[in-house]
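Residue numbers begin at 1 in each chain, while the letters A, B, ... track the order of the sequences.
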Protein chains: 2
Amino acid sequence: MSTTANDQGRDEPVRWLDPAEKEAWTGLVSLVYLLPERLEAPLQRECGMSLFEYLVLSHVSEAPERRLRMSELAFLANGSLSRLSNVVKRFERRGWMERSPDPADGRYTLAALTGDGYAAVVAAAPVHVRAVREAALDRLDAEDRAALARVAEKLRVRPVDLA
Amino acid sequence: MSTTANDQGRDEPVRWLDPAEKEAWTGLVSLVYLLPERLEAPLQRECGMSLFEYLVLSHVSEAPERRLRMSELAFLANGSLSRLSNVVKRFERRGWMERSPDPADGRYTLAALTGDGYAAVVAAAPVHVRAVREAALDRLDAEDRAALARVAEKLRVRPVDLA
DNA sequence: TCGATTGACTTCAAGCGTGAAGTCAAAGAT
DNA sequence: ATCTTTGACTTCACGCTTGAAGTCAATCGA
């Protein structure tokens, strides 16, 4: 069913997409589906980790004392708490991360990088950056990149808004 | 590990991201992770289908005689053949699609919508369009939308390139 | 002081995607 | 005519995400 078809009935009329909107939308959908795989493949092949796993490790590596609260980390990595919890559990098994209650407030859990975890993300960073350049950044000019940042800012939703 | 950190060693020097590049990249990553869920939720809740499932049905509904070759459909929906095969198998079980060898060339499989399948996508279309508008299009101006289409064209990779 | 409430986080069963392995039709070579 | 090669597609085991259900710490009200 084309999203430019006629109103199919509902309380308020459906505002179908015009051609320019459809082009933008189709483009966005293709990015959403095709881009992750292109970022994942080199990371999986060369470092044995997914893009999400890389992002998690990367955010923690940049935090003070290389530790973050799980809720903050979930937000930074754009994932759910349950997804993050499963991922960090796997990292604990690999010896890459450790979890502990936050001394300041027991309701929070801190996730910290181990030495092995830090080494893994340091090794993966160049692979990731190379993939990011090849898949995206090097194919865009400054105007494109500015537009991406602008669009993302306008569309971004904080996980709290999903609750 | 920040993607703006120093070279960690490799054959050719790593071209770390500058601040503008990092902002664009961070924005793109958040789109890739957060957008699908916002499109999925209303479709799952109101129509019992995922975004990918909707896209598959939608493309077939727009094809001549509401039938397409699996390879073409996989391309249009931005998914792999094995993913599509699994999805269409589920659609067959629901009574929404049928598969048959292409009479013109037995190497190809045709996927066709049934009456029930067509009704399902017709019902889902307004839900999808509403979600697309709320999550993305209505938050962007014409310049943003043009930029999205342009960026997607530059980054788009056809599935054949992934082989 | 104590019970109720709220929010952070974990767990795990169910469902889905991936990708290697396999099947099959058509094309090409001999 | 027959065998080999190629490409389309399917299958299925494995691993991952989701989200409901549950646990636990801190806060609030009586």
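Not one N or O on the side chain of B:T109 forms a donor-acceptor pair closer than 3.5 Å with the backbone of B:M70. With hydrogens and angles ignored, the 3.5 Å screen pairs no side-chain donor or acceptor of B:E98 with any backbone N or O of B:A112.
Close to C:dA26, at under 4.0 Å from its OP1 or OP2, lies no side-chain N or O of B:R107. Look at A:R90 and you'll find a side-chain N or O under 4.0 angstrom from OP1 or OP2 of D:dT17.
Between A:L110 atom CG and D:dA25 atom P there is a gap of 15 Å when expressed in whole angstrom units. The nearest whole Å value for the distance from the CE atom in B:M70 to the C1' atom in C:dT23 is 15 Å. In this structure, B:R69 places its CZ atom 12 Å from C1' of D:dG7, rounding to the nearest Å. If you measure from atom CG of B:L73 to atom P of D:dT10, you get 11 Å, rounded to the nearest angstrom. For the pair B:Y33 OH and D:dC16 C1', the computed distance is 12 Å after rounding to whole Å. Atom CD of A:Q44 and atom P of C:dG17 are 17 Å apart (whole Å). Note: CZ (A:R45) to P (C:dG19) measures 11 Å, nearest angstrom. In this structure, A:R83 atom CZ and C:dG17 atom P are separated by 14 Å, rounded to whole Å.
Checked against C:dG19, D:dA8, C:dT11, the side chain of A:S85 finds its nearest nucleotide in C:dT11. The A:Y108 side chain lies nearest to C:dC9 when the options are D:dT17, D:dA8, C:dC9. Checked against D:dA8, D:dT11, C:dA8, the side chain of B:K89 finds its nearest nucleotide in D:dT11. For B:L81, the side-chain atoms get nearest to D:dA8 when compared with the rest of C:dC16, C:dC9, D:dA8.
We find that A:D141 and B:K154 are joined by a salt bridge, their nearest charged nitrogen and carboxylate oxygen being less than 4.0 Å apart. Using a 4.0 Å cut-off between a side-chain N of Lys or Arg and a carboxylate O of Asp or Glu, B:E21 and A:R133 qualify as a salt bridge. Comment: B:K22 engages A:E62 in a salt bridge, judged by a side-chain N to carboxylate O separation of less than 4.0 angstrom. The existence of a salt bridge linking B:E46 and B:R130 is excluded, since no basic side-chain nitrogen approaches an acidic carboxylate oxygen closer than 4.0 Å.
Nucleic acid contact class of A:N86 (heavy atoms, under 4.0 Å, all strands): base. Among the protein residues, A:T109 comes within range of the sugar-phosphate backbone only, with heavy atoms under 4.0 Å from sugar or phosphate atoms but none that close to a base. Contact annotation for B:S80: backbone-only contact, meaning every heavy-atom pair under 4.0 Å involves sugar-phosphate atoms and none involves a base. Counting any heavy atom pair closer than 4.0 Å across all strands shown, B:S71 reaches sugar-phosphate atoms only and no base atom.
Residue B:A74 comes nearest to B:L84 through the heavy atom pair N-CD2, 3.5 Å, listed as atom of the first residue, atom of the second, then distance.
More than 12 heavy atoms of other residues, nucleotides or ligands sit less than 6.0 Å from atom CD of B:E92.
Taking the C1' atoms of five terminal pairs at each end of the helix from C:dT1-D:dA30 to C:dT30-D:dA1, the two resulting helix axes are inclined by 10°, rounded to 10°.
At least one side-chain heavy atom of A:F91 sits less than 4.5 Å from a side-chain heavy atom of A:L57.
Mapping A:P103 and A:V87 onto DNA chain D via the closest heavy atom, the residue that lands nearer the 5' end is A:V87.
For the residue pair B:S85/B:R99, the side-chain donor-acceptor check at 3.5 Å is satisfied.
Sorted by residue number, the members of residues 93-102 of chain B with any non-hydrogen atom under 4.0 Å from DNA chain D read B:R99.
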